[in-house]
Amino acid sequence: MWPLRGINSRAPRNHTVIVEFILLGLTDDPELQPIIFSLFLMMYLVTVLGNLLMVWVVISDSHLHTPMYFFLSHLSFTDICLSTTTIPKMLVNMLTQSQTITFAGCLSQIFFVLVFGVFENFLLAAMAYDRYVAICSPLRYTVIMNPCFCGLLILLSLLASIMFALLHSLMILHLSFCTDMEIPHFFCELAQLLKIACSSTLINNILIYFLASIFGGVPLSGIIYSYTQIVSSVLRIPSSSGKNKVFSTCGSHLSVVSLFYGTGVGVYISSLCAQTSRKTAVASVMYLVVPQMLNPFIYSLRNKDINVSLRKCLIRKPFL
């Protein structure tokens with residue numbers, strides 16, 4: 001059987017080249033398949049509807065046309081895109097009893113998961129910087145966080161995310177894949193794809209750690225620095241009511257940040273400790289599915305402005 005390369009395959013024309021991978025999913029138990037299908041379908045619908053509602057509320061209420069909610073609406077849209085990249089394909093495969101995915105489809109999944117995953121990372125850093133300016137430099141807030149600057153942050157973050165994903169995708173095109181085409185995951189994950197390659201992946205792995213330290217470490221460092229300065233400013237406030245008011249404006253974002261990075265660290269630790277790749281796939285659900293579903297609830301339950309605007313929108317649209 002001839003090895004599969006990317007677009008530049010040099011396999012002889014009179015032989016069949018493998019053009020599909022097999023996604024093993026979360027379990028092989030046929031009795032659990034309907035349960036998993038129903039669970040993921042419900043989680044996907046909740047994710048899409050919840051985040052769409054968040055975007056709609058921010059757009060509809062002029063009082064929410066501020067940098068903080070501007071970033072929040074992009075975060076909600078990113079959560080929808082990230083979930084749509086992986087879950088629908090899994091549901092279709094379970095419904096059709098087919099576990100295959102084409103090479104192009106696999107490459108597309110990897111590209112978009114990396115784009116939206118890194119973009120969410122940058123968005124959380126931008127939101128942390130927004131809270132830092134609002135609390136530590138309130139008199140200069142409108143000057144610093146102007147619409148042009150906020151739009152530039154979004155654009156640069158998106159371009160950096162696309163560049164990150166494009167580099168990894170182009171490196172995959174240089175790999176060869178032989179007889180082992182099974183990916184022990186419910187979507188095409190970069191690390192799992194590299195494990196089944198029959199050519200050297202040394203450069204790919206070096207690139208993963210190098211770029212992750214930059215595109216992941218820089219936003220995380222920005223978040224840590226912003227909240228260090230915020231805590232330092234809050235501790236100088238004499239009244240406890242003033243401290244509680246400041247912390248309440250950061251509570252939702254801190255919860256989302258903790259959920260995003262906490263689940264990511266949990267998946268990384270489980271990948272080191274898990275005996276099988278299937279267990280790592282189950283753990284990754286907590287990183288790629290659960291945070292995107294819970295983010296709208298975190299902001300709607302902990303944010304007074306969102307609650308008020310949501311009630312106004314529901315009153316104007318009683319059919320909802």
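Residues: numbered from 1 along the sequence shown.
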Is any side-chain heavy atom of L24 closer than 4.5 Å to a side-chain heavy atom of F186? no

Looking only at heavy atoms, which two atoms of M181 and F177 are closest? And how far apart? CE-CB, 3.9 Å

Minimum side-chain heavy-atom gap L259-N295 below 4.5 Å: yes

Hey, any chance F297 and L254 share a hydrophobic cluster, counting ILVMFWY side chains that come within less than 4.5 Å of each other, even indirectly? yes

If we count only N and O atoms by modelled type, under 3.5 Å, do the side chains of S98 and T96 hold a donor and an acceptor together? no

Any side-chain heavy atom of F164 within less than 4.5 Å of one from L114? yes

Does the side chain of L194 come within less than 4.5 Å of L175's, by heavy atoms? yes

Between M145 and D130 the two heavy atoms that sit nearest each other are CE-OD1, 3.8 Å

Test ring pair (Phe, Tyr, Trp, His ring centres under 6.0 Å) applied to Y261 - qualifying residues, sequence neighbours left out: none

Please examine the side chains of I162 and F119, heavy atoms only from C-beta on, and report whether any two atoms are closer than 4.5 Å. no

Looking at H65, I'd like to know if its NE2 atom is crowded, meaning that more than 12 non-hydrogen atoms belonging to other residues, nucleotides or ligands lie closer than 6.0 Å. yes

Given side chains that start at C-beta, do those of E20 and F103 come closer than 4.5 Å, heavy atoms only? no

Mind checking side-chain contact (heavy atoms from CB on, under 4.5 Å) for F70 and listing every partner two or more places apart, or none if nothing turns up? H74, C150, I154

Indicate whether the side chain of Y69 and that of D61 have a donor and an acceptor atom separated by less than 3.5 Å. no

So which atom in L288 and which in S83 form the shortest heavy-atom distance, rounded to 0.1 Å? O-OG, 4.3 Å

Of all the heavy-atom pairs spanning S76 and M54, show the shortest one and how long it is. OG-CG, 3.4 Å

Heavy-atom closest contact (S73 atom, V58 atom, distance): CB-CG1, 4.0 Å

Go through the steps for Q99 and M94 under the test side-chain contact (heavy atoms from CB on, under 4.5 Å), then give the verdict. CA-CA 7 Å; Q99 296 178 303; M94 295 177 68; over 6 Å; no

Consider only side-chain N and O atoms of Y44 and T84, and report whether a donor and an acceptor are under 3.5 Å apart. yes

Enumerate, atom names and distances included, each donor-acceptor pair closer than 3.5 Å involving a side-chain atom of residues 202-227, sequence neighbours excluded.
unit_1	atom_1	unit_2	atom_2	d
N205	ND2	T201	O	3.1
N205	ND2	T201	OG1	3.3
S213	OG	Y209	O	3.3
S213	OG	F210	O	2.5
S221	OG	G217	O	2.7
S226	OG	G222	O	2.8
Y227	OH	H253	ND1	2.6

Interatomic spacing from CE in M163 to NE2 in H168 - rounded to 0.5 Å: 10.5 Å

Shortest non-hydrogen pair, F111 vs L166, comes out as CE1-N, 3.8 Å

Any heavy-atom pair between the side chains of I110 and F187 that's under 4.5 Å? no

Are L23 and M90 packed together at the side-chain level, in the sense that at least one heavy-atom pair is separated by less than 4.5 angstrom? no

